[in-house]
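Here the structure is laid out as structure tokens; the discussion comes afterwards.
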Amino acid sequence: MDHNGSFSAGPADNSSEGDALAGVTVIVCASCRNEAGSDAHPRAGELLADDTRRAAADDNIRIRTVECLGNCKRRLSAAILRDGCWSYVFGDLSATSGADLVAGAKLFATSTDGLIPWRGRPDSLKRGLVARIPPLDMLKD
């Protein structure tokens with residue numbers, strides 16, 4: 001945190017984009033059901049995870065799954081995390097939102113202030129923002 005109380009992730013251009021991408025993780029809720037709430041397998045969340053892996057195939061972004069992000073009212077959900085930076089939770093995604101998650105991860109990886117910039121963020125990540133969670137070292141009390 002700088003003297004103004006703002007978080008600074010430091011310069012992102014000290015390493016290659018591939019190295020910066022390695023610091024970003026996309027977590028997809030694999031148990032999310034589709035809009036109809038179907039129990040069919042594979043679940044819509046699993047399809048989103050597969051789509052995200054395909055979209056990130058040529059990049060050094062970690063894609064992980066979790067059984068539940070607890071965002072069931074805004075299902076299909078995912079989170080984007082970066083060490084020492086804010087974490088983001090998104091909902092209202094589709095099974096084909098993998099490219100949007102990867103685009104968001106790339107913006108995050110190259111951000112110098114530890115935030116995913118609004119400009120250039122895919123629309124699904126603008127309207128689907130559920131929460132932005134600060135890093136623990138930024139908490140005041």
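In this structure, L129 is not a member of the same hydrophobic cluster as I133, with clusters built from ILVMFWY side-chain heavy atoms closer than 4.5 Å. Under a hydrophobic-cluster definition in which Ile, Leu, Val, Met, Phe, Trp and Tyr are linked whenever side-chain heavy atoms come within less than 4.5 Å, directly or via other members, I63 and L48 are assigned to the same cluster.
The two atoms that bring C68 and C29 nearest to each other are CA-SG, 3.6 Å, heavy atoms only. Heavy-atom minimum distance, A105 versus V26: CB-CG2, 4.0 Å. Heavy-atom minimum distance, V102 versus A55: CG2-CB, 3.7 Å. Between S87 and L81 the shortest heavy-atom distance is OG-CG, 3.7 Å. For A95 against A44, the heavy-atom pair with the smallest separation is CB-O, 4.2 Å.
The one candidate from V66, T52, I80, V89 that meets the side chain to side chain contact (heavy atoms under 4.5 Å, CB included) condition with I27 is V66. The only option from L93, L101, T96 that meets the side chain to side chain contact (heavy atoms under 4.5 Å, CB included) definition with S124 turns out to be L93.
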(request) I would like to know whether S111 and R82 meet side chain to side chain contact (heavy atoms under 4.5 Å, CB included); could you show each step before the answer? (result) CA-CA 10 Å; S111 165; R82 180 177 162 202; 3.8 Å; yes
(request) Test L115 against R132 for side chain to side chain contact (heavy atoms under 4.5 Å, CB included), laying out the working first. (result) CA-CA 9 Å; L115 301 171; R132 186 178 79 174; 3.7 Å; yes
(request) Give the intermediate values and the outcome of side chain to side chain contact (heavy atoms under 4.5 Å, CB included) for residues V24 and R62. (result) CA-CA 7 Å; V24 176; R62 290 183 301 253; over 6 Å; no
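The shortest distance between side-chain heavy atoms of C32 and E46 does not fall below 4.5 Å. You'll find the side chain of R74 stays beyond 4.5 Å of the side chain of F90, heavy atoms only. Residues L47 and R43 are not in side-chain contact: their nearest non-hydrogen atoms beyond the backbone lie 4.5 Å or more apart. You'll find the side chain of R75 stays beyond 4.5 Å of the side chain of D92, heavy atoms only. Looking at heavy atoms from C-beta onward, L76 lies out of side-chain contact with S97 at the 4.5 angstrom threshold. Looking at V28 and R64, their side chains never come closer than 4.5 Å, going by heavy atoms from C-beta outward.
The residues D39 and R33 are annotated as salt-bridged, a charged nitrogen and a carboxylate oxygen being separated by less than 4.0 angstrom.
Atom CG of D100 sits about 7.5 Å away from atom OG of S94, to the nearest 0.5 Å.
One N or O on the side chain of Y88 and one on the backbone of I116 form a donor-acceptor pair closer than 3.5 Å.
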